[in-house]
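Take a look at the structure set out below.
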Amino acid sequence: RMIKRQMQCRSDLGRLNAPFLAIYESLIPAEEEKAKQKQLLTLLERLVCTEWPKARLYLYGSCANSFGVSKSDIDVCLAIEDMDVNKSEILLRLADIFQSDNLQNVQALTRARVPIVKLMDPVTGLSCDICINNVLAVVNTKLLRDYAHIDARLRQLAFIVKHWAKSRGVNETYQGTLSSYAYVIMCIHFLQQRRPAILPCLQEMETTFSVTVEGVECAFFDQIEKLRDFGSCNNETISQLVWAFFNYWAYRHDYANSVISIRTGNVISKQGKDWTRRVGNDRHLICIEDPFQVSHDLGRVVDKYSIKVLREEFERAADIMQYDPNPCGKLFEPY
Ligand code: ATP
Ligand code: MG
């Protein structure tokens with residue numbers, strides 16, 4: 001199935017840049033939305049500190065990694081040292097505090113894989129998920145944000161891919177398709193692989209930032225201002241990259257043998273990671289290595305049914321990018 005068709009890139013891609021850039025721009029959140037996020041964070045900080053004066057709140061996920069489209073929910077991490085109390089108790093206490101301050105739809109999900117409290121703030125209209133001491137998520141958020149600041153094409157590509165995935169219903173981890181986080185990693189990997197490369201591999205460079213979280217050393221180069229020209233030898237435009245991204249996942253990626261790894265800046269072998277067979281619920285049908293938790297396959301949510309759905313969607317997108325005279329219409333058509 002791999003390389004079913006070698007596609008020769010269509011010749012009129014240039015005229016598609018303007019429409020893709022217009023879609024990208026329409027998805028960028030307005031400044032006013034950023035202000036509302038700050039406002040909500042300030043309110044939550046005030047409420048949390050009355051109970052735990054030393055606690056701190058961090059934004060993570062798409063509101064902090066620069067891959068957030070407008071009207072996204074915000075993800076907040078509560079960092080609290082006092083871990084004598086267990087997470088469930090803290091979450092339930094948080095839910096109480098929020099409820100008595102007129103926040104709405106307050107729910108403590110203590111049994112979720114990542115336990116959270118959900119709420120909606122009627123003043124800003126924003127919804128928010130709060131987790132506890134999920135420091136790895138705060139650090140991977142910084143890694144993604146640093147990559148976004150190296151070359152503008154990453155943010156453009158990731159917005160378009162996320163918009164496509166949401167429109168086509170393949171951004172639903174509970175249905176076996178991929179998280180936004182996984183799609184952004186796929187975009188970073190793809191831009192590391194272009195020749196000349198559009199993105200470097202920050203984890204293979206000199207360490208300028210390092211923290212150890214839950215026994216995992218997270219180290220990478222974060223002096224991004226020194227990398228401003230990194231991708232300038234590569235002139236590919238957004239329409240070429242969208243075309244090539246879908247072509248890669250439709251026809252070029254070796255699903256049977258390869259793992260994508262932004263940690264190494266390369267494709268690595270499934271064999272080497274012992275990801276060749278199903279272990280428990282991890283089927284490893286599409287392998288995306290987490291940059292820090294390297295034993296963690298972001299594709300593990302994908303099952304034998306949803307892999308088919310995903311690959312058909314990649315092929316559909318690749319074919320539209322190749323043959324459709326007006327791909328921007330068809331590509332994002334609701335499924
Ligand atoms: P959206 O705009 O769709 O909300 P998002 O960037 O917030 O996108 P999510 O997939 O909701 O992405 O994940 C939020 C954050 O949670 C990610 O930025 C990442 O820090 C963390 N995260 C999500 N999934 C994982 C995972 N499987 N392993 C480690 N961290 C994860
Ligand atoms: Mg989110």
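First listed ligand is number 1; within each ligand, the first listed atom is number 1. Note that the coordinates shown come from a computational prediction; the quantities given were computed from them, not determined experimentally.
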Check each of Arg113, His296, Arg145 against atom 28 (N) of ligand 1 and report the one with the nearest heavy atom.
His296
Got an N/O contact under 3.5 Å between Gln293 and ligand 1?
no
Taking distance alone, with N or O pairs closer than 3.5 Å, would you say Lys166 contacts ligand 1?
yes
Are side-chain N/O atoms of Asp290 and Tyr181 paired as donor and acceptor at under 3.5 Å?
yes
NZ/NE/NH1/NH2 to OD/OE distance under 4.0 Å, Lys273 and Glu289
yes
Which one holds for Asn65 and ligand 1: side chain close, backbone close, both close, or neither close, with close meaning a heavy atom under 4.0 Å?
side chain
Below 4.0 angstrom from a heavy atom of Thr141, which ligand 1 atoms are there? Numbered from 1 as shown, please.
18 (O), 20 (O)
Within the 4.0 Å heavy-atom cut-off, what Asp75 brings close to ligand 1 is side chain
Hydrophobic cluster membership, Ile28 vs Val161, 4.5 Å side-chain cutoff
yes
Determine whether more than 12 heavy atoms belonging to other residues, nucleotides or ligands lie under 6.0 Å from atom CG of Asp12.
yes
Grab the two heavy atoms, one from Gly272 and one from Ser269, that are nearest each other, plus how far apart they are.
N-OG, 2.9 Å
Polar proximity ligand 1 side, Ala137 side, N/O cut 3.5 Å exclusive:
yes
If you scan the protein for heavy atoms around atom 11 (O) of ligand 1, do you find one that is closer than 4.0 Å?
no
Using distance alone, with no hydrogens and no angle criterion, decide if Asp121 and Thr124 have a side-chain donor and acceptor under 3.5 Å apart.
yes
Could you confirm whether Asp75 has any N/O/S atom lying under 2.8 Å from the Mg ion (ligand 2)?
yes
Per-atom contacts, ligand 1 versus Leu298 - under 4.0 Å to a heavy atom:
26 (C), 27 (N), 28 (N)
Does NZ or CZ of Lys162 fall inside the cone over Phe67's six-membered ring, less than 6.0 Å from its centre and within 45° of the axis?
no
Does Lys71 offer a backbone N or O that forms a donor-acceptor pair with the side chain of Glu33 under 3.5 Å?
yes
Starting from atom 4 (O) of ligand 1, find the nearest protein heavy-atom neighbour and note its residue, name and distance.
Ser62 OG, 3.6 Å
